[in-house]
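Some notes on the structure that comes next.
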Amino acid sequence: MIVILKPNITSEHDEFRQVVEYLAHKPNIRTRVHQEVGTQQTLTEIYLIGDTASLDKTEVESLAGVDRVVRVSEEYRILGRHHDDGRPSGFEYNGVTFSQDSLHVFAGLCAVDTREHVEQMLRALRDAGQVCTRMGAYKPRTNPYSFQGHGKACLPYVFELAGKYGIKVVAMEILHDSHIDEISDALERAGRPTGVLLQIGTRNTQNFELLKIAGRQREFPVLLKRGFGITLEESLNAAEYLASEGNGRIIFGLRGMKTNMGDPHRNFVDFAHVPAVKRLTRMPVCIDPSHSVGSRASSPEGILDVMHVTAQGVIAGANMVLVDFHPEPATALVDGPQALLLEELPYFLDDVRIAREAYDKRRALRQRLASKT
Ligand code: PEP
Ligand code: MN
């Protein structure tokens, strides 16, 4: 059960104390308080665990500070969509709103190689009116002798340049909890010119200890990629790990499944799951066309497969697109063959816009139908 307090009722208020006292008298009920501090308001939710079936929902709702009470089903207690669950989806971070209605493109380098390439990439993004990017500093590689990323050494110039070009959110994969501290320190040293969306990659989807640590910190939101070889349910439970530790600012990322059935793509594209994840949970959903397709193959009309699958995800309501670009793919140290070129950025963004318009029209069509019945 989740007790949602009225906006701006926090632990300092009498109404909050009244609710806690009321619950303290109920047997076998444990509580966990979750507070989301936004720019407009602070939302406090109290999660109840234990014998909640014996609680009277209407009675709890009659307490002065309570806005609503939601009874949760077993699946995805915090992130799930439950019966009568009008809780909003999404969150705001560093001036950018992420929800199941928004759409943001995170074009950028799979792996940071040189300062010059970072600057070229960010300049192109600024010129295209973009405020988000992806920049890999820590790279999980199959081969131990492959380039592992520049790590913390590149953070100072990545953050400085992000600030210079007006980037508000940088998606950056972490492989270990020490990386969170390194990112936080580097941001602080640089004067917080930008924000970071911590990315937990497909190889770490079920690294539960990493999930718990990323869930306990409140500084950064998290993009959790789906595990490449586990069920969707298992991956959504991994997201619930983050939320259960207190961090509800999570975006769920689809990036394809590892199976030869998806050949000739690098992974079997799973963007048909965009609406499924939006139905099962309140998380915004990201698609990663680059790691799904893994090449610059194109269809007879000349459109790249990466762009085809992007359009497929966006037309189905995706909220974020994580996509690899590189100023000089031939010299890229990681994933050059799948990278789009900087000259293709405006074209890519236009193509995304077309797919998004089609999605908006499909929604409007559905609403017209619903209003008639
Ligand atoms: C990435 O986005 O750079 C990446 C390694 O993705 P994934 O974890 O989906 O393989
Ligand atoms: Mn990659």
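One-based numbering, in listed order, for ligands and for the atoms of each.
- None of Lys278, Arg282, Met283 except one satisfies the side chain to side chain contact (heavy atoms under 4.5 Å, CB included) rule with Ser89; the exception is Arg282.
- At least one cation-pi condition fails for Lys212 and Phe208: the charged atom is not both under 6.0 angstrom from the six-membered ring centre and inside a 45 degree cone around its axis.
- Within the structure, the ring-ring contact (aromatic ring centres under 6.0 Å, His included) test picks out no pair touching residues 248-307 (sequence neighbours left out).
- Among protein residues, Cys110, Arg134, Lys139, Glu173, Gln199, Gly201, Thr202, Arg203, Lys225, Arg255, Asp288, His291 come within 4.0 Å of ligand 1, judged on heavy atoms.
- Separation of the Phe220 and Tyr93 ring centroids does not fall under the 6.0 Å cut-off.
- Listed by chain and number, the protein N, O or S atoms at a distance under 2.8 Å from the Mn ion (ligand 2) are Cys110 SG, His291 NE2, Asp335 OD2.
- For the pair Asp335/Arg266, a side-chain contact is recorded, criterion being any heavy-atom separation below 4.5 Å from C-beta on.
- You'll find the side chain of Ile29 stays beyond 4.5 Å of the side chain of Ile49, heavy atoms only.
- No more than 12 heavy atoms of other residues, nucleotides or ligands lie within 6.0 Å of NZ in Lys168, so this atom counts as exposed by the packing criterion.
- Here the side chains of Ile183 and Met172 are in contact, with some heavy-atom distance below 4.5 Å.
- Contacts of Glu233 classified as side-chain contact (heavy atoms from CB on, under 4.5 Å), with partners at least two apart in sequence or in another chain: Glu75, Tyr76, Thr231, Asn237.
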